[in-house]
Amino acid sequence: MLCTIELTGRQAEIFEEVMERIDETAVYLVSLSHEERLDWLKEHQYSRPISFEREIGGTVYTVNAHFSGDTAETAEERVNRILARNITR
């Protein structure tokens, strides 16, 4: 089931800013050695779980993100797989 959320103009701007920042960060991280990347990630990791609530049509949805340290798939691979699956439907 594909869910679509409409964004306000400001929310769309924020989304674009975040995506631009992600691209810039990815380029930076690629330039680092493996050890430097691990150090950078340790410095920038969230101290609490990523979560938010959004009300849609009178129903409040709670989204929580959890990350497994023992997965064989990178975050980029997983995002690409999820996007490809949802775009082709």
Side-chain angles (χ1 to χ4, degrees):
M1 177 178 190
L2 182 61
C3 179
T4 303
I5 298 174
E6 293 185 27
L7 302 176
T8 66
R10 181 64 186 134
Q11 289 171 329
E13 288 175 14
I14 292 169
F15 175 80
E16 290 300 322
E17 290 171 13
V18 167
M19 295 307 293
E20 184 177 320
R21 185 69 185 262
I22 289 171
D23 288 342
E24 291 169 357
T25 303
V27 169
Y28 172 71
L29 290 173
V30 167
S31 72
L32 300 177
S33 71
H34 179 74
E35 292 78 18
E36 290 171 326
R37 265 193 308 278
L38 289 176
D39 289 341
W40 185 93
L41 290 169
K42 287 176 186 174
E43 281 181 37
H44 292 86
Q45 68 184 354
Y46 289 98
S47 59
R48 58 182 170 27
I50 301 169
S51 63
F52 62 92
E53 290 185 349
R54 178 87 183 239
E55 182 177 343
I56 302 172
T59 301
V60 176
Y61 296 89
T62 302
V63 177
N64 294 298
H66 303 277
F67 302 97
S68 172
D70 61 348
T71 183
E73 186 176 42
T74 68
E76 181 181 7
E77 291 167 341
R78 177 170 279 194
V79 168
N80 286 334
R81 179 176 51 80
I82 291 169
L83 288 173
R85 183 182 66 210
N86 288 316
I87 289 172
T88 58
R89 285 187 178 179

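Positions are given from 1, in the same order as the sequence printed here.
- Between atom OG1 of residue Thr62 and atom CD of residue Glu55 there is a gap of 11.0 Å, rounded to the nearest 0.5 Å.
- Inter-residue side-chain proximity for Met19 and Phe15 is flagged as met; some heavy-atom pair is nearer than 4.5 Å.
- For the atom pair CD of Glu13 and CD of Glu17, the computed distance is 6.5 Å after rounding to the nearest 0.5 Å.
- The structure places CG of Leu29 at 5.0 Å from CH2 of Trp40, a figure rounded to the nearest 0.5 Å.
- To the nearest 0.5 angstrom, Glu35 atom CD is 8.0 Å from Asp39 atom CG.
- Residues Arg54 and Leu7 share a closest heavy-atom pair of NH1-CD2, 4.4 Å.
- Annotation for Val60 and Glu53: closest pair CG1-OE1, 3.9 Å, computed over non-hydrogen atoms.
- Other residues, nucleotides and ligands contribute over 12 non-hydrogen atoms within 6.0 Å of the CD atom of Glu24.
- Taking every heavy atom of both residues into account, Thr71 and Arg78 meet most closely at OG1-NH2, 4.4 Å.
- When each of Val79, Asn80, Thr74 is checked for a side-chain contact (heavy atoms from CB on, under 4.5 Å) with Glu77, only Thr74 meets the rule.
- With hydrophobic clusters built from ILVMFWY side chains whose heavy atoms lie under 4.5 angstrom apart, Leu41 shares a cluster with Leu32.
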